[in-house]
Amino acid sequence: MQQFFAILKDSYREAVDGFVIYVMLGLALVVALIVGSITFTPDPAPRAVAVIVSKFTAVFPDKGKSKAFTAVAQHPVKYSAENAESGTDGTVKFVLDVAPERAAVVDKKDGFRYAVFTWSKPAGEKFKNPFGDGKAKGGEERRFEIVLPPEATAADLAAVTDDDMAGFLKSQFAAFVGVTEADVSAKRVAGVAEPSYRFEVELKRATTARGWPQTLDVFFRQVSLGDDWELGQTVFKIENGLVGWIGGTGTLVISVIITAFFIPNMLRKGSIDLLISKPIGRTQLLVYKYIGGLVFISIITSFTITLVWIAISFRAGYWDPTFLLTIPTLLLAFAILYALSTAVAVFTRSAIASILITIAFMFGLFIVGQAKTFFDVNRVFQVAKVPDWAYTLVDTLHAILPRYKDLDRLTSKLLIETNLPSGEARTSGIGLIDYPSWGMTIGVSLAFIVVMLALSCWKLNKRDN
Amino acid sequence: MSVIETADLRKRYGPIEALKGVSLRVEKGQIYGLLGQNGAGKTTLIKVLLGIVKLTDGRASLLDAPAGAVEVRRRVGYLPEDHAFPGYHTGYSLMDYYGALYGVPAAERAKKIPDTLELVGIAGRMHSKIKTYSKGMKQRLGIAQALMHDPELIILDEPTDGVDPMGRKEIRDLMGQLKAKGHTIFLNSHLLGEVELICDRVAILHKGVVVREGTIDELTKTKGTYVLGLMSGQTFPADAVAQLGFPVRPLPDTAGHFEVTLVEGKTIEPVMKLLAERGLTVVHIVEKKQSLEDVFMKTVESAEPGVDRKQRRRGARPVGGEN
Ligand SMILES: Nc1ncnc2c1ncn2[C@@H]1O[C@H](COP(=O)(O)OP(=O)(O)O)[C@@H](O)[C@H]1O
Ligand SMILES: [Mg+2]
């Protein structure tokens, strides 16, 4: 243990000796500052409600409990609430007018009653692979599910009650504003001829909820990015942008560069003899040094992510810790790359070779990840003609290589689920496609790390220094 | 118990045979010197002992453990040649790091580090980054890190490398102190004069083979050459001594001193008698020793095959110029 901490401390010293670490910490501060300079101002109620109700073409069957949604666009309905007013406590009140948008596309059904009917029924038959046979081109069956709109007779529609309608609106507002159904009240007002309807609606805690559109300003209100930015959606985009492809890749590349020097420096002629002559085995030496790099990067990552998280939560007004979970995810991605970097360093003793090969590998994983995603979609939709061997190749590569891209997809999914109101999360499509499992993703990645480290230790133990 | 023991030790680096059957034994409390030209295999021998390289054949043991055992290294201090300390450390933090690797508790390190650095004479700069140290300071730091955990055996590979003459003397004195405290010291050097001054025993390694081994006295003693000097004003009877059958030659450096070499089975007695009979007063009589350098040159040359030697002589390379 004493030796372990000594090596950690040594790695830390080595890292803080250069200037890169200060650049990184400075960058973290700048990013946190920019994020902290964002201000959200709730959009005026009429504008915001208009944005929210425009999403009502998606209906969740089973009284809103279904994970899949049904599109009821064939009977378009227009919802309007120009009179909406918000109180100081975030409560919004308005009279909601519901009317057929134009002549029904398919038949002359009452679009609103049809939507309520769809909502009230259990989820209909799931329609699998509407665009082709999932097993057509090798591999597993891909699931692409939507729920078919139910058939409704005139009697069915006539049987829809006022309570059903109110329940439907409560469910829809809750799902798209991001409040609980208890925060929504809806009451039908008599005196409007069907197929038009009128409701008195009250939403509590609405203007601060995740689905409420906001006006977005950056640099402390110096630059305005306009309105219609739903709170949760925007927080998700910022967070995902920072840890996803652009931000995540940048951070990983810098981390790979900083740490690439650790092991070649240790193995340099004149250095390694000093270490090997100490009472510590070579395997231990290497593994400790590897962990030293990880700990170091985890400190920077934790620092950056926590800082950004505080800034964004402060501005958004809600504190959801899911973003902090990206610390271990990013760290796992780094651990994969650092294991390779270590192996290259032991075999070549060159930091430059480690950096180049690791970044090339990162790019390769990116390509495989992209290809896998495309092929999985193509299996279903048959957009492009692809030979069978290409499927096999991509599937095999994906199976044996660390799941770098999958980690990113899983992280995005997690961030969608926690930041978006449930309605938006469900219509974003995350329920439609299969996601890789965390277990497999982490397992395969860990296996890769173990193999890389084992190879490195074998080589280090074998060579004469 | 022997501190270092090797038997018919061999080491190959691919086609190069660096050690060709070395058998050595170093006892506790000695300062043992391993001499040899560059490339003789001195460093390789140490690396085998410490497990830095693996032996090809034969046996080697360190403090009764097989060479390369991890735990035994806790009781050994090592100064490698051509060491490169990480430049981001200060002298102090490096000692702290290595001390921790040796398993010295933190409290003890805090006390020992300044003391040890004081001992090697760089305590004043211990909080400066190593990249600002001179070569000599780095060498002293290297010695300090080999001492701080109070090892039974201290292995020094070219310890005075890059150190100025004053510093060399200090380092020799330090070795004397360490020996007095009961440490065993094993040192590699190609600087013969130095080894002669401090070592109890030496081995001469040449091209991977031990060609001579023994105490300094044993190696440098020559059979019967005396330097004689008479009272000033008196003339040395060189011809008469030569007639007794002893080769005589005047020493050009010291006027009036003559070198008399004994012949087989005779002592210096007849010469002394002759001088006394002639009423001459001997004020200087010393049995001449050869320097270790003489021994070394002779040994190395005789160990070399004749053809090889002729080639070397004819070539532009100066004899023994590798040192
Ligand atoms: N790592 C190595 N790989 C190949 N040859 C080596 C290696 N280390 C030393 N040698 C060779 O082994 C011989 C002995 O070297 P070394 O032990 O360093 O000698 P010394 O310390 O006496 O100068 C030399 O010929 C040297 O070139
Ligand atoms: Mg050497």
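As the structure is a prediction and not an experimental result, all values here were calculated from the model. Below, read A as the first sequence line, B as the second, and so on, with proteins coming before strands; counting in each chain starts at 1.
Annotation: A:Tyr12, atom OH; neighbour count of heavy atoms from other residues, nucleotides and ligands within 6.0 Å does not exceed 12. The environment of CD in B:Glu118 is sparse: at most 12 heavy-atom neighbours from other residues, nucleotides or ligands sit within 6.0 Å.
For the residue pair A:Ala6 and B:Leu101, the shortest heavy atom distance occurs at CB-CD2, 4.3 Å. The shortest heavy-atom contact between A:Ile280 and B:Arg73 is O-NH2, 3.2 Å.
If you measure heavy-atom distances from A:Leu275 to chain B, the contacts under 4.5 Å come from the side chain alone. With a 4.5 Å cut-off on non-hydrogen atoms, B:Val104 touches chain A through its backbone but not through its side chain.
Atom CD of A:Gln2 and atom CZ of B:Arg109 lie 5.0 Å apart (nearest 0.5 Å). The OG atom of A:Ser277 sits 4.5 Å away from atom OH of B:Tyr102, with the distance rounded to the nearest 0.5 Å. In this structure, the separation between NZ on B:Lys54 and CG on A:Asn461 is 6.5 Å, given to the nearest 0.5 Å. Separating the CG atom in A:Leu274 from the OH atom in B:Tyr98 is a distance of 4.0 Å, to the nearest 0.5 Å.
Side-chain atoms of A:Asp464 do not come within 3.5 Å of backbone N or O of B:Ile52 as any donor-acceptor pair.
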With a cut-off of 3.5 Å and sequence neighbours excluded, list every side-chain donor-acceptor pair involving residues 141-155 of chain B.
residue, atom, partner, partner atom, Å
B:Gln145, OE1, A:Lys278, NZ, 3.2
B:Gln145, NE2, B:Tyr78, O, 2.8
B:Gln145, NE2, B:Gly142, O, 2.9
B:His149, NE2, B:Val76, O, 2.9
B:Asp150, OD1, B:His183, NE2, 3.4
B:Glu152, OE1, B:Arg75, NH2, 3.3
B:Glu152, OE2, B:Arg75, NE, 2.8

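Side-chain polar atoms of A:Asp10 and B:His89 form a donor-acceptor pair below 3.5 angstrom.
Contact count against chain A (heavy-atom pairs under 4.5 Å) is highest for B:Ser93 among B:Gly87, B:Ser93, B:Pro86. Comparing B:Leu79, B:Val72, B:Leu50, B:Asp82 by how many heavy-atom pairs each has under 4.5 Å with chain A, the most go to B:Asp82. Of the listed residues (A:Lys9, A:Gln3, A:Glu14), the one with the most heavy-atom contacts under 4.5 Å to chain B is A:Glu14.
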Verdict with reasoning, B:Tyr97 to A:Ile7, per side chain to side chain contact (heavy atoms under 4.5 Å, CB included):
CA-CA 8 Å; B:Tyr97 174 36; A:Ile7 288 173; 3.8 Å; yes

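The shortest distance between side-chain heavy atoms of A:Asp273 and B:His83 does not fall below 4.5 Å.
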